[in-house]
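Order of the sequence lines fixes the chain letters, A, B, ..., with proteins taken first and strands second; residue numbering starts at 1 for each chain.
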Amino acid sequence: MHRSSPSSSTVAQPTPEQLARVHHLLLEWYAHEQRPLPWRATSDPYAILVSEIMLQQTQVERVIPKYHEFLSRFPTVADLAAAPTAAVISTWVPLGYNQRAVRLQAIARQVVSDYQGRIPDSVEELLKLKGIGRYTAGAIACFAYHRQVATVDTNIRRVLHRLFIGLEHPEPRLSDAETLTLAEQVLPPGRAYEWNQALMDLGAMICTSASPQCERCPVGEACAAYRELSAQSLFPSGTVLRTLRKVAEKKSGYQAQPFTQSDRYFRGRIVALLRTLPPEQRLSLAELGPRIKSSYTEADLPWLQRLVSRLAHDGLVDYQEEEGVRLP
DNA sequence: AATACGGGGCG
DNA sequence: CGCCCAGTATT
């Protein structure tokens, strides 16, 4: 079997008996070991929407308090649509990726104006909303409306790959499209909600990226990656997994600069500062510069102007050349 | 396919 | 200090 050939519509398949065994093992484990997460205790599509946007690239533990705070401040989709954007952004900080706050409110306003206040229930319709991609659309359809759809986030990708294909490194590994196809093929009929949640819990608690605890894994007996590791006596697997990934990254030439020198960092500083100002009050760029960058000089003005213009373009600030900058 | 987009927490 | 995280939009 050669997993490099991406005929893409089909991927390696377990037998129906093997698949049923995996379903049973993982769902049974989830029934007893699942994390008690607040968005699992509701079926309010708005609350699910808020949680899923917050959870994009953001850990569960950081989201939980913000999720409660945000829903307390904006209890319904209509409340969020009617709120000042500055208040929404302000509540979002310091979750990061602040465009998510602007887009979330834009979604709420569109839902009120175009969907009679009801959040769409199909992947196809959800995908039309800016800020909702295939993962979030699938998550809302499944977790809020119990649609039997597959969805793939970073946890599910890793777990399905290890379970049904093998280690993700060295390459080749499944593409995004192939992974979604696999996810659809292994979805247990009628159990999409628990299955998708279970895959994410397994990825977060056991089948982690760098240090999976295979000895505690409920589906170890059926796992392709576990068989690979066993055959080569690679336990504990943490070191070898990290090494394989590092080699793959070096090949791709990835290099990061210090975060506190990045434009990203200063964009965050600007938004965090503006939210402390009295409502409506603006700051000139000359006032703003020194307050976000200790080494700021007049020579940095073009840089700052570029930064603020981009923030304005993203809807995160209101910038008038003459008057200065504030939250929108 | 590559890049922009945050920031907190942990080893 | 490097790495990770319930991704999406844009080029």
Exercise. With nearest nucleotides of DNA chain C determined for Thr136(A) and Thr208(A) from heavy-atom distances, which residue corresponds to the more 5′ nucleotide?
Worked result: Thr208(A)

Seminar exercise, completed: The answer to which of Leu129(A) and Asn155(A) contacts DNA chain C further toward the 5' end, by nearest nucleotide, is Asn155(A)

Between [X] ([atom1]) and [N] ([atom2]), how many Å, whole number?
X	N	atom1	atom2	value
His313(A)	dA4(B)	NE2	P	16 Å
Ile107(A)	dG7(C)	CD1	C1'	13 Å
Gln56(A)	dC5(C)	CD	P	15 Å
Arg134(A)	dA6(C)	CZ	P	18 Å
Arg103(A)	dT10(C)	CZ	C1'	9 Å
Gln261(A)	dG6(B)	CD	C1'	16 Å
Tyr97(A)	dC4(C)	OH	C1'	11 Å

Closest to side chain of [X], choosing from [options]:
X	options	result
Arg267(A)	dC5(B), dC5(C), dA6(C)	dC5(B)
Phe259(A)	dT10(C), dA6(C), dG6(B)	dG6(B)
Arg310(A)	dC4(C), dC5(B), dA6(C)	dC5(B)
Trp39(A)	dC5(C), dC5(B), dA6(C)	dA6(C)
Leu37(A)	dG7(C), dA9(C), dA6(C)	dA6(C)

Exercise. Stepwise, does the side-chain contact (heavy atoms from CB on, under 4.5 Å) test hold for Asp153(A) with Leu199(A)?
Worked result: CA-CA 10 Å; Asp153(A) 75 323; Leu199(A) 289 172; over 6 Å; no

Checking [X] side chain against [Y] main chain: does a donor-acceptor pair fall under 3.5 Å?
X	Y	value
Gln148(A)	Arg191(A)	yes
Glu184(A)	Ala150(A)	no
Ser43(A)	Ala144(A)	no
Gln105(A)	Leu80(A)	yes
Glu287(A)	Ser284(A)	yes
Lys130(A)	Leu104(A)	no

Exercise. Does the gap between the ring centers of Trp39(A) and Phe143(A) come in under 6.0 Å?
Worked result: no

Determine the contact category for [X]: base if any of its heavy atoms lies under 4.0 Å from a base atom, sugar-phosphate if only primed atoms, P, OP1 or OP2 are that close, otherwise nothing.
X	answer
Asn98(A)	sugar-phosphate
Ile132(A)	sugar-phosphate
Gln57(A)	base
Trp92(A)	nothing
Thr58(A)	base

For this session: Could you list by number each residue of residues 196-204 of chain A showing a heavy-atom separation from DNA chain C of less than 4.0 Å, or answer none if no residue does?
Result: Gln197(A), Met200(A)

For this session: Any ring pair (Phe, Tyr, Trp, His ring centres under 6.0 Å) involving residues 261-284 of chain A? Give me the pairs, sequence neighbours left out, ordered by first then second residue.
Result: Phe259(A)-Tyr265(A), Phe266(A)-Trp303(A)

For this session: Considering only atom P, compute the distance from dG11(B) to dA6(C) and round it to an integer number of Å.
Result: 16 Å

Exercise. Which residues, if any, of residues 59-74 of chain A bring a heavy atom under 4.0 Å of DNA chain B?
Worked result: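 Contacts with DNA chain B under 4.0 Å: Gln59(A), Arg62(A).
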
For this session: Fit a plane to each ring of Tyr193(A) and His146(A), take the angle between them on a 0 to 90° scale, and name the class: parallel (under 30°), tilted (30 to 60°) or perpendicular (over 60°).
Result: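 Rings of Tyr193(A) and His146(A): parallel, under 30°.
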
Exercise. With no angle test and no hydrogens, is the base of dA9(C) tied to the side chain of Arg100(A) by a donor-acceptor pair under 3.5 Å?
Worked result: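 Result: no qualifying N/O pair found.
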
